[in-house]
Amino acid sequence: MRQTARVVVIGGGVVGCSVLYHLTRLGWSDVVLVERSELTSGSTWHAAGGFHTLNADTNMAALQGYTIRLYRELEEITGLSCGLHHVGGVTLADSPERLDYLKAERAKHRYMGLETEIIGPEEIRALSPITNTEGVLGALYDPLDGHLDPSGTTHAYAKAARMAGAEIILRTPVLETNPRPDGTWDVVTPAGTIHAEHVVNAAGLWAREVGALAGLTLPLHPMEHQYLVTEETPEVYERGAELPHVMDPGGESYLRQEGRGLCIGFYEQPCDPWAVDGTPADFGHELLENKLDRISDSVEFAYRRFPVLQRAGIKTIINGPFTFAPDGNPLVGPVPGLRNYWSACAVMAGFSQGGGVGLSLAQWMIEGEPERDVFAMDVARFGMLHRDATAGRWITPGYTRLKVKENYQRRFSVSYPNEELPAARPFQTTPVYSEWKAQGAVFGAHSGMEVVNYFARPGELPHEVPSFRRSNAFEAVAGECAAVRGAVGINEIHNFGKYLVTGPGAEGWLAKVMAGRLPKPGRITLSPMLSPRGRIIGDFTITCLGPQRYQLTASFGAQAFHMRWFESHLPPSGVRVENVSTRRIGFQIAGPRAREWLGRVAHGDVGGLRFMDAREMDIGPVRALVQRVSYTGDLGYELHVDWESQLALYHALMAASEGLGAKPFGMRAMMSLRLEKFFGSWLREYGPDYMPGETGLGRFVDHARGGFIGAEAAAAEMPARRLCAFVVDADEADVVAYEPIWIDGAVQGFVTSGGYAHHAQASVALGFVPVERAREGLQAEIEILGRLRPARLVTTPLFDADGARMRG
Ligand SMILES: Cc1cc2nc3c(=O)[nH]c(=O)nc-3n(C[C@H](O)[C@H](O)[C@H](O)COP(=O)(O)OP(=O)(O)OC[C@H]3O[C@@H](n4cnc5c(N)ncnc54)[C@H](O)[C@@H]3O)c2cc1C
């Protein structure tokens, strides 16, 4: 066996083979795939082979579109058949809510260039006469849906990779993966050891076990999944043309033609994680015992939806396991805390997603970054996964199992924009949690952390009803916004990622990784962090705590994403970066009376604090870092303290609040308030899909200093589109994200986020339009739930346009 390779890919399922192929396609041929048995020996061989583009994340949907279009190319390259059946597919809606959902998806597809359409019951019957459309209101039709031969497709990837120089070693299990001090790896097998620059874990069903060889706890779990194949059925084969796929979310099933019969699979509610203590090493080509009792309700439902099934005998029942991450998306990319160790795991829809996963990973490895924002499948989105990395770690196998089961059960559920999922909660809470709860707080979970969304008022439902329209929280949120703008509000700052940067090289290092101006001691600046291509990979607040001592603040959910970047750009000595996100928490107070409130409790010159100043002060008995900034766009202060002092800070503040009209507010109000100032937010307006110039963050880039990562790309940016704000003529529903923006009868832009700005009493949308159209007063239309709504481009913030209140 060879002794060296640039890359060793572990696992020869569809995903490992796709990664191998894409590495060669992008120019690396010194690559080898090691498979413990034969190709397809994990989940791949028993897959039903269906593919589709539908995904709530638009970039994931685009990568699924890429995967599906790739198959013809693979067939041409290799001469092998992928067994493609491009039959199209319909996703049924049997409730107004599901139709809303499909309309929202359709709207997103418009800007992505996908040719889906909403069709009515008659068209559904014309396409799929075996479907009983009783109770069905409509469907989303996607011409790209279809199915293929899982084994043929995997072998086509493998052959294409071999043709480009890759090697595939079969019947050879990887027993150890051992890092060397220089960041390379020894991959140990019974046939010898391969010294590799990079390792890719694509071990599918055994990804947990292979990850453990490198000290990883990967947040994924296998679930059992069953589908049935029927005998030949005249209604099917006498039709002349192949039937389209029918996804019936109401019945938790997907159905397609299989030869002269049908194949129907179920995402049933009574389901269980499989192999809790680990996937057996000797598992492979066997199937699991049928568990028909679990799917009996779903089968009964399917008999009504597709009456032909009642007459079709069952030929085969397949029960096989495959893996899921807690949110159902793959785990891809460089594993935080390890060097040159890559994940290509938890791909639950290998035939929809495998190509996109392979492409993105190969781009990341070879070109340094994937071509689009892939945070939705970034392995870093679940925090630190290595056993030695303690800071910021929040995931456990117990959490993963509960979330994976919930995700499986919700595979066909409507995803509402305001929905909070209940499994594994509360998982992380701050000391003030019970205080908020007693005041009627309705919580959401932000990367595992409980965060107040709003406070239900006496007599109101104690939860928010999931909806695409304005919810039952509307009036309560309006009240919280009014309290902030009219007096003063208080909320928590625990859902920020926070980092302490210290050491003699701190300033020099920050000047390299941050694109903005660095603050002087006691001051704060805002700074984008850029990739070498000038794309936005962070949106930071930098506080200079003293010489060579800084605090960085950014998105809470991006902790491992940012720590991975920091660690891979740290010099060998002179700079220390600590993730203090959950060590440093506290409150924000904001509104016209915020100064008065702080002045009552803080020992220090509160009045002398200018906008963007930062000082240590005692507040009651607690030492706090006071920062004069507020994402509400109002006069406001962030008060950062150690975790154990949070309650003391809270009580000190509340004891001094009499007569101020102080009220707690939640994230719903915060997001409404920031809209009035047109403030963007992470992964909505600011993220790796965008460059600073087009988002307006260009004004924070220190072009004069230069020398930072991404400086040349940022200097050369010629924006073709611009982030703008619109006031939308909406009534019961506001924009969420990715709605198309129509200008002169054509889709020319898309929404990034928006909602109702309560104080300004306006429905606001932020989004990108071509730079030449970005003019005050532009009349556009934005599609909300299938209806075009007039929208006017505005360039002046709806609150505190001259900044007098925020800076005064
Ligand atoms: C019943 C069922 C129906 C499905 N239907 C569909 C569908 O219609 N459409 C769809 O897109 N997806 C479907 N799937 C999911 C699909 O099968 C998976 O998404 C896909 O197979 C995942 O591929 P993979 O390469 O990640 O993992 P796997 O197929 O599990 O491959 C992992 C490989 O790694 C190898 N390996 C493990 N450990 C080692 C080691 N230590 N050393 C060397 N090699 C190792 C294994 O032998 C295996 O070959 C279905 C799954 C099931 C169970």
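First listed ligand is number 1; within each ligand, the first listed atom is number 1. On a predicted model such as this, the values are computed, not experimentally measured, just so you know.
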Run the numbers for me: atoms of ligand 1, each under 4.0 Å from some heavy atom of [X], listed by number.
X: I10; result: 40 (C), 42 (N), 43 (C)
X: S352; result: 11 (O)
X: V34; result: 43 (C), 44 (N)
X: V210; result: 38 (N), 41 (N)
X: G350; result: 10 (C), 11 (O), 12 (N), 18 (C), 19 (O)
X: S41; result: 47 (O), 49 (O)

Please report which non-hydrogen protein atom sits nearest to [atom], along with the residue it belongs to and the distance in Å to one decimal place.
atom: atom 27 (O) of ligand 1; result: G204 CA, 3.2 Å
atom: atom 26 (O) of ligand 1; result: V15 CG2, 3.3 Å
atom: atom 31 (O) of ligand 1; result: G13 CA, 3.5 Å
atom: atom 30 (O) of ligand 1; result: S43 N, 2.9 Å
atom: atom 18 (C) of ligand 1; result: V347 O, 3.6 Å
atom: atom 34 (O) of ligand 1; result: G11 CA, 3.1 Å
atom: atom 35 (C) of ligand 1; result: E35 OE1, 3.2 Å

Would you check whether [X] has a nitrogen or oxygen atom less than 3.5 angstrom from a nitrogen or oxygen atom of ligand 1?
X: L205; answer: yes
X: A47; answer: no
X: P173; answer: no
X: G50; answer: yes
X: R36; answer: yes
X: A48; answer: yes
X: I318; answer: no
X: W206; answer: no
X: F322; answer: no
X: P321; answer: no

Salt-bridge test for D30 and R2: reply yes if a basic N is under 4.0 Å from a carboxylate O, no otherwise. yes
With a 4.0 Å cut-off, would you call D272 and R294 a salt bridge?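 Looking at D272 and R294, the cut-off is met.
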Out of [options], who is nearest to [atom] when you count heavy atoms only?
atom: atom 41 (N) of ligand 1; options: N201, L170, V174; answer: V174
atom: atom 53 (C) of ligand 1; options: H52, H225, H46; answer: H46
atom: atom 29 (O) of ligand 1; options: T44, L33, V8; answer: T44

If you measure from each non-hydrogen atom of [X] to ligand 1, which part falls under 4.0 Å: side chain, backbone, both or neither?
X: L39; value: neither
X: N319; value: neither
X: F351; value: both
X: A207; value: neither

Ring centroid separation for [X] and [Y], is it under 6.0 angstrom?
X: H147; Y: Y227; result: no
X: H86; Y: F51; result: yes
X: H225; Y: F322; result: yes

In sequence, state the C-alpha distance, the side-chain angles, and the governing distance for T131 and L92, and then conclude on side-chain contact (heavy atoms from CB on, under 4.5 Å). CA-CA 10 Å; T131 305; L92 306 180; 4.1 Å; yes
Got a second to check how far [X]'s [atom1] is from [Y]'s [atom2], nearest 0.5 Å?
X: W274; Y: H221; atom1: CH2; atom2: NE2; result: 9.0 Å
X: I366; Y: W364; atom1: CD1; atom2: CH2; result: 14.0 Å
X: D327; Y: M348; atom1: CG; atom2: CE; result: 11.0 Å
X: C271; Y: Q409; atom1: SG; atom2: CD; result: 4.0 Å

Non-hydrogen side-chain atoms of E75 and S81 separated by less than 4.5 Å: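 Of all side-chain heavy-atom pairs linking S81 with E75, at least one is under 4.5 Å.
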Does some side-chain heavy atom of Y408 sit less than 4.5 Å from a side-chain heavy atom of E268?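 Contact flag for E268/Y408 side chains = yes.
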Between E242 and Q257, do the side chains contain an N or O donor and an N or O acceptor separated by less than 3.5 Å?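 No.
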With distance as the sole criterion, is a donor-acceptor pair present between the side chains of T279 and R208 under 3.5 Å? yes
Can a donor-acceptor pair be found, under 3.5 Å and without considering hydrogens, that links the side chain of [X] to the backbone of [Y]?
X: T67; Y: G356; value: yes
X: R305; Y: N132; value: yes
X: Q64; Y: H52; value: yes

Contact between ligand 1 and Y227 is defined here as a heavy atom of the residue under 4.0 Å from a ligand atom; is it met? yes
Testing T323, V347, V404, V379 one by one against L220 for a side chain to side chain contact (heavy atoms under 4.5 Å, CB included), which residue passes?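 Testing L220 for a side chain to side chain contact (heavy atoms under 4.5 Å, CB included) against T323, V347, V404, V379 leaves exactly one candidate, T323.
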